[in-house]
Amino acid sequence: MFGLAQNIKYLSEVNIWGLGPETAWQKVAVVIVSDCPGKSNPNMLKVLEAMAVYQDGLAQAAINGEPVTAHIYKYTARSHMDENHRFWGGK
């Protein structure tokens, strides 16, 4: 996760694909696939929550009595916690 975030940070600092540094990162999509929050590593969920891309308790097992088979979330975030628990983010 840290290496991925470092690569995205790099894209936000250089001129790549003929785009300026402020827009190059917008061409990147990161998909995180998880079986379910109950089976995910709690520490990973805490990191994702700190990055504002996950909210604990948001997912529901059933809606109107019908079981939920998938949850799809879309977030745009320009912040990251490094290995020393320091934050950096976009301007």
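This is a predicted model, so every value here is computed, not measured.
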Item to complete: Test Q60 against I63 for side chain to side chain contact (heavy atoms under 4.5 Å, CB included), laying out the working first.
Response: CA-CA 7 Å; Q60 301 289 322; I63 303 282; 3.9 Å; yes
(Q) According to a hydrophobic-cluster definition based on side-chain heavy atoms being under 4.5 Å apart (Ile, Leu, Val, Met, Phe, Trp, Tyr only), do V68 and L58 belong together? (A) no
message = Keeping N41 on the side-chain end and N43 on the backbone end, is there a donor-acceptor pair under 3.5 Å?
response = yes
